Amino acid sequence: MKKLIASIVAGAALATAGVSAASAGTLEDVKAKGFVQCGVNPSLIGFGVADEKGEWSGIDVSFCRAVASAIFGDPTKVKFSPLNAKERFTALQSGEVDLLSRNTTWTMSRDSSLGLMFVGVSYYDGQGFMVRKSLGVSSALELSGAKVCTQTGTTTELNLADYFRSHNMPYEVVAFEKNEEVLQAYEAGRCDAYTTDASGLYAERLKLTNPDDHMILPEIISKEPLGPAVRQGDDKWFTVVKWTLFALINAEELGLTKANIDEKKTADNPEIKRFVGVEGDFGTGIGLTNDWAYNVIKGVGNYGEIFDANVGPSTKLGIARGLNNLWSKGGIQYAPPIR
Amino acid sequence: MAAGDIGARSFGGRAAAIINNPSVRGLVFQIAFVAALVWFAWDIADNTARNLQKANIAAGFGFLDRTAGFGIVQKLVYYTEASSYGRALLVGLLNTLLVAGLGIVIATILGFIIGVARLSPNWLIARIATAYIEILRNIPLLLQLFFWYFAVLRAVPGMREKWTFLGIFHINIGGLHVPRPVFADGAGTVGLALIIGVVAAVLVARWGRKRQEATGQAPPAGWIGVALIIGLPLIAYFALGRPISFDVPVFNDQGPILRRGFQAGSGMTVIPEFFGLLLALSLYTAAYIAETVRAGISAVGHGQSEAAHSLGLRNGQTLRYVVIPQAMRVIIPPLTNQYLNLTKNSSLAVAVAYPDLVSVGGTVLNQTGQAVEMVTIWMIFYLGLSLLTSFVMNIWNRRVALVER
Ligand SMILES: N[C@@H](CCC(=O)N[C@@H](CS)C(=O)NCC(=O)O)C(=O)O
């Protein structure tokens, strides 16, 4: 019932308030109110999660802070809205959040009929399966007849159906609204397998009572390019968010880190000079100050630093860079140049 | 001149009379109000359409024909991933009706028992009933739902084991597995025989009551009724060469672990999500119904039961023939409310993965992004269901209402 009401309220918001949300400049709005309202995951370790003190962390959370740094030169000028899978798009469409940074897959229908616009890919992911080791299964292709738990309102539901159908395997899906229940039901034994983005599997496995009793199967059954999204029809805001992402990636390529950027600022390298805003007029071109990119790195560090701090090999998640390494280092993270 | 004067004055007088006429004025105000309402509704619809277009969000009901592509765990009608969104919504709708309908029946029976128990002269029974009502009414339904769902899951054996009752009912974490009836030619006739049996039983019961009122003797109408309801279809079943057979659930305890347990496609499975939701909804609503029943019974004057007792009726008879029929007049209107609440509360289903209309609709909404359309469908369905429930309950209410003679 609560959900129903929430949807109705959101619908009503679309019905009456859509104009202001969609057409006034988000950048001006954000500057006027003094913070970025960012939609994030409520409970995904490494991506978006709040600790007991209400302190947020995760890759997606850091991205929100990066945008705040670019605009205000201050990574704390951001407020977070925890959103579950089902709520997230309505929240963005209706103007409740300025930016959605919540392990959300970039798909064509989301870019079209949902009225969203993805700015790029902040994490290359793919869907996988987790099973109990005691099941004696070593490949997803052996999952014929399995009962699978997952979360509604995700791309996961569809990939699952496609995968089992195309391999002619019967299956049964048990789909919950909230992730906690998916995990609890899986742990209680209601399902043989738990499916979601591989990153999510690593994060959720940690929440199980005995993580070591469970394993993640090697198959990746889909492409899940996760990235930040904004509303369509606001090019200026889109550009700011997009270039914040590119700045993070470019900084890593240029070797600029949170720690060394002050020192490297003065280096005699034209690329770095443009990046930190000593040369050129790039910041004002997108409605910001020229030291916008410097502020981003000073505030949150570069892409690699964010990755390592939240999900990298030294964290509990221990995810390798893989596809998310720079293009020059065997991965596919690549950003257009600042010039 | 004078004549014209009078004419003008009388015309003015007539106009004033019309303006001052309360029924005319009432009509004008009502028309104006309806017009304003229509304009308001149109304005909202128009504004919505324009805003959606501006935000580049798809609109219209065309999506109902498109392929859904997702699976649904419980379906009362044929459905696969290749079916349409419209069909998926139908599956959800039927699931809502199923859980709400059964929930209403169970909550009513339980509610009446507990309501009566609360007024019991037996101290222990009355206290237990009171405790039940107070506890269940004061814990949020969502928590109860999780409690029952996970209690059900934890209580039963795992997917590769089972408990068996009476040889044909099997329970494990996958749900209740029972034989599935398979209907061949002639099964319809058996169904018809069942309907005829029920109708005949009702007629016999009526005749029995009339007879008792007229002669004081009660014929065994109940037994005749049972014989009719069971006998007629049974005769038809054997006469037609057993057109209904049963597909028994297959349980496998050999081979790879994943292949063990009940095999998909055999027998019929009632999923634990359904039980969890049904249990939570009925137990919760029963507490409210019990209070309604208690209030209704208390509203019947004490003299009524004293009179019944002095006529020699026993406690149970007094309750059944004297108190409850009068209490119903007080009970039915708030009972209607409880039925509506139960139906609306069933939309919590998605929390425990039961695919009701809100859950399936939510998935459709997310995949198509057509929030306004989906919310409209939800509203129409729940409003229609509420109106229908109220309508039926009003008819019942009118039948038991006090009629002035
Ligand atoms: N990338 C997918 C799935 C995203 C998703 O919602 N994943 C789940 C499972 S990892 C999640 O984050 N759940 C956390 C929550 O809703 O609390 C999508 O965009 O649809």
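What you see is a predicted model; the values in this text were computed from it and never measured.
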Do you know which two heavy atoms are closest between [X] and [Y], and how far apart they sit?
X: A:Val174; Y: B:Ala353; answer: CG1-CB, 3.5 Å
X: A:Ala161; Y: B:Gly69; answer: CB-O, 3.0 Å
X: A:Val173; Y: B:Gly71; answer: CG1-O, 3.4 Å

Can you say whether [X] sits under 4.5 Å from chain A via the side chain, the backbone, both, or neither, judging by heavy atoms?
X: B:Ser346; answer: neither
X: B:Ala68; answer: backbone
X: B:Tyr354; answer: neither
X: B:Glu273; answer: side chain

Problem set entry | Separation between CZ of B:Phe262 and NZ of A:Lys147, rounded to the nearest 0.5 Å | 10.0 Å

Exercise. Looking at CZ of A:Phe176 and OH of B:Tyr149, how far apart are the two atoms once the value is rounded to the nearest 0.5 Å?
Worked result: 3.5 Å

Counting only non-hydrogen atoms closer than 4.5 Å, does [X] touch chain B with its backbone (N, CA, C, O), its side chain (CB onward), both, or neither?
X: A:Thr155; answer: neither
X: A:Ala175; answer: backbone
X: A:Cys149; answer: neither
X: A:Leu160; answer: neither
X: A:Arg165; answer: side chain
X: A:Tyr171; answer: side chain
X: A:Glu142; answer: backbone
X: A:Ser144; answer: both
X: A:Ala185; answer: both

Problem set entry | CH2 (A:Trp106) with more than 12 external heavy atoms under 6.0 Å | yes

Does the side chain of [Y] come within less than 4.5 Å of [X]'s, by heavy atoms?
X: B:Arg160; Y: A:Leu135; answer: yes
X: A:Glu181; Y: B:Phe150; answer: yes
X: A:Phe89; Y: B:Asn366; answer: yes

Seminar exercise, completed: Among A:Gly136, A:Gly115, A:Ser109, the residue with the most heavy-atom pairs under 4.5 Å to chain B is A:Gly115

Exercise. With respect to chain B, which residue among A:Gly153, A:Gly145, A:Ala85, A:Cys191 yields the maximal number of heavy-atom pairs within a distance under 4.5 Å?
Worked result: A:Gly153

Give the member of [options] that has the highest number of heavy-atom pairs under 4.5 Å with chain A.
options: B:Gly261, B:Pro355, B:Gly158, B:Pro272; result: B:Pro272
options: B:Arg154, B:Gln263, B:Arg50, B:Gln367; result: B:Gln367
options: B:Thr363, B:Ile173, B:Asp43, B:Thr376; result: B:Ile173

Exercise. Can you list the steps and then say if A:Arg190 with B:Ile271 is a side chain to side chain contact (heavy atoms under 4.5 Å, CB included)?
Worked result: CA-CA 10 Å; A:Arg190 174 70 180 98; B:Ile271 54 174; 3.8 Å; yes

